[in-house]
Amino acid sequence: MANDEFYNEVDLYLEARLLPKDPVLDDVIGAQDAAGLPPMAVSPLQGAFLKMLAQSIGARRILELGTFAGYSTVWLARALPDGGKVITLEHQNVNADLSEKNFARAGVSHLIEIRRGKAFKSMNIMINDGVEPFDLIFMDADKINYPVYIHQVLLLSRPGTVIVADNVVREGRILDDSGKDPSVRGVRTFLEKLTSHPQVESTALQTVGSKGHDGFAMMRVKS
Ligand code: DHB
Ligand code: MG
C-alpha cells in the first residue's frame with residue numbers, strides 16, 4: 001500500500017528508541033530470510049508488546065498456533081517466569097526445524113515445546129488429554145481455520161485466559177464480503193463467532209508499521 005514505507009520508517013524510529021539492541025532476535029530474522037521465508041513474523045515492537053502482555057497477566061502457560069520461524073515464540077518464552085512453558089504448534093517441518101535452531105540460538109529451547117503437525121490435531125490431543133488450561137494464547141496459524149481454532153482454543157482456556165489473534169485486518173481486505181479470498185473468509189467467520197459470544201469479551205486494534213496495515217483481535221474469557 002501507498003503508505004507502507006512511511007509506516008516502516010516510523011516503526012524503525014520507535015524501535016531505535018524503545019527496544020534494546022538485540023542481535024539474537026536479529027539473527028532469528030536473518031535465519032528466516034536466509035531460508036527464503038516471507039516476512040510474516042510479528043514486528044519487533046509487536047513482539048515486545050506480546051512479551052509485556054504475557055508478563056502483565058503473569059502467563060505461565062502460553063500456547064501459540066503457527067510457530068513459523070519462531071520469532072514470536074522467542075519473545076513469548078522470554079516473558080515466562082521460572083517453570084513456565086510455551087507450547088507452539090507448527091504444521092511445516094521445515095519451519096519447525098528452523099525454529100528449533102532459532103530457539104537454541106536464543107537460549108530458550110528449554111522453555112519451548114514445539115508440536116509438529118496440524119494445529120487442529122495437536123489441539124484435539126491436548127483437549128482429550130485434559131491438559132492444564134493456558135493463560136495466554138497467540139493465534140497466528142492459517143487464517144482459513146481461525147473459526148475452528150477459536151472453538152478449540154476456548155476448550156484449552158479458563159476464565160481470565162487472554163487470546164490474541166494476528167492478522168485480522170489485512171490492509172482492510174477484511175471488508176471484502178465476496179467470499180473469494182479464503183483467508184479473509186476465515187477471519188470474517190471467526191469475528192462473527194465472537195459477536196455476542198457467551199464466553200468471551202473481545203476487541204481489536206488496527207495496526208500500521210513494518211508489516212503494513214493489519215490488526216490484532218483480543219479476547220478475554222469471561223468469569
Ligand atoms: C501472512 C501471515 C501472517 O501470520 C502474517 O502475520 C502476515 C502475513 C500471510 O499468510 O501472508
Ligand atoms: Mg501473523
Side-chain angles (χ1 to χ4, degrees), residues 1 3-5 7-8 11-12 15 25 28-33 35-54 62-77 79 86-96 98-99 102 112 114-116 118-120 122-123 136-150 152-153 162-176 179-191 194 202-219:
M1 283 289 173
N3 287 316
D4 276 8
E5 192 47 47
Y7 297 151
N8 188 45
D11 250 13
L12 292 174
E15 275 170 40
L25 282 174
V28 169
I29 292 298
Q32 173 188 290
D33 295 344
L37 293 173
M40 295 194 326
V42 298
S43 72
L45 293 161
Q46 290 172 338
F49 168 77
L50 290 173
K51 174 177 176 242
M52 286 173 64
L53 174 66
I62 301 176
L63 175 65
E64 178 181 60
L65 317 188
T67 317
F68 195 49
Y71 181 79
S72 47
T73 327
V74 171
W75 275 107
L76 290 167
V86 181
I87 294 181
T88 183
L89 313 181
E90 177 55 48
H91 179 43
Q92 302 281 344
N93 269 321
V94 282
N95 294 352
L98 176 61
S99 293
N102 282 334
I112 299 170
I114 186 161
R115 305 243 171 116
R116 293 165 185 253
K118 287 187 188 294
F120 175 79
S122 294
M123 282 194 282
L136 175 67
I137 302 177
F138 181 49
M139 294 174 58
D140 197 19
D142 54 306
K143 319 310 166 202
I144 300 169
N145 286 311
Y146 271 23
V148 179
Y149 295 153
I150 185 60
Q152 293 181 296
V153 150
V162 172
I163 303 159
V164 175
D166 197 20
N167 310 116
V168 301
V169 175
R170 305 305 280 275
E171 324 257 310
R173 286 199 296 283
I174 195 63
L175 296 181
D176 172 12
K180 282 187 194 141
D181 180 331
S183 295
V184 167
R185 212 165 58 222
V187 173
R188 286 176 66 94
T189 306
F190 159 70
L191 293 171
L194 298 177
S202 310
T203 187
L205 293 174
Q206 296 191 64
T207 54
V208 294
S210 57
K211 294 190 70 188
H213 171 211
D214 211 324
F216 290 118
M218 189 186 277
M219 295 132 271

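All values derive from a computational prediction rather than experimental measurement. Ligands are counted one by one from 1 in listed order, and the atoms in each one are counted from 1 as well. Every heavy atom of this structure was used, including side-chain atoms; hydrogens, water molecules and symmetry mates were not.
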Inset, instruction - Could you check whether the rings of Tyr71 and Trp75 sit parallel, tilted or perpendicular, using 30° and 60° as the cut-offs? - result: perpendicular
Legend entry - ligand 1 atoms in contact with Asp166 (distance to a heavy atom under 4.0 Å): 6 (O)
Legend entry - Selection from Arg170, Lys143, Met139, Gln46 by shortest heavy-atom distance to atom 9 (C) of ligand 1: Arg170
Inset, instruction - Measure the spacing between CZ of Arg115 and CD of Glu90 and express it to the nearest 0.5 Å. - result: 14.5 Å
Legend entry - the Mg ion (ligand 2) to nearest N/O/S of Ser72 less than 2.8 Å: no
Inset, instruction - Give, for atom CG of Asp11 and atom NZ of Lys211, the distance between the pair rounded to the nearest 0.5 Å. - result: 11.0 Å
Legend entry - Angular separation of OD1 (Asn167) and OD1 (Asp140) seen from the Mg ion (ligand 2), to 10°: 90°
Inset, instruction - State the CE-CG distance between Met52 and Leu50, to the nearest 0.5 angstrom. - result: 11.0 Å
Inset, instruction - Identify, by name, the N, O or S atom of Asp166 lying closest to the Mg ion (ligand 2). - result: OD2
Legend entry - Minimum-distance protein heavy atom relative to atom 1 (C) of ligand 1: Met40 SD, 3.3 Å
Legend entry - Ligand-residue contact atoms, ligand 1 with Asn167, heavy atoms, under 4.0 Å: 3 (C), 4 (O), 5 (C), 6 (O), 7 (C)
Legend entry - Sole candidate of Ile163, Asp166, Val164 that passes side chain to side chain contact (heavy atoms under 4.5 Å, CB included) when paired with Met139: Ile163
Legend entry - Side chain to side chain, Ile114 and Thr73, heavy atoms closer than 4.5 Å: no
Legend entry - Protein heavy atom at shortest distance from atom 6 (O) of ligand 1: Lys211 NZ, 2.5 Å
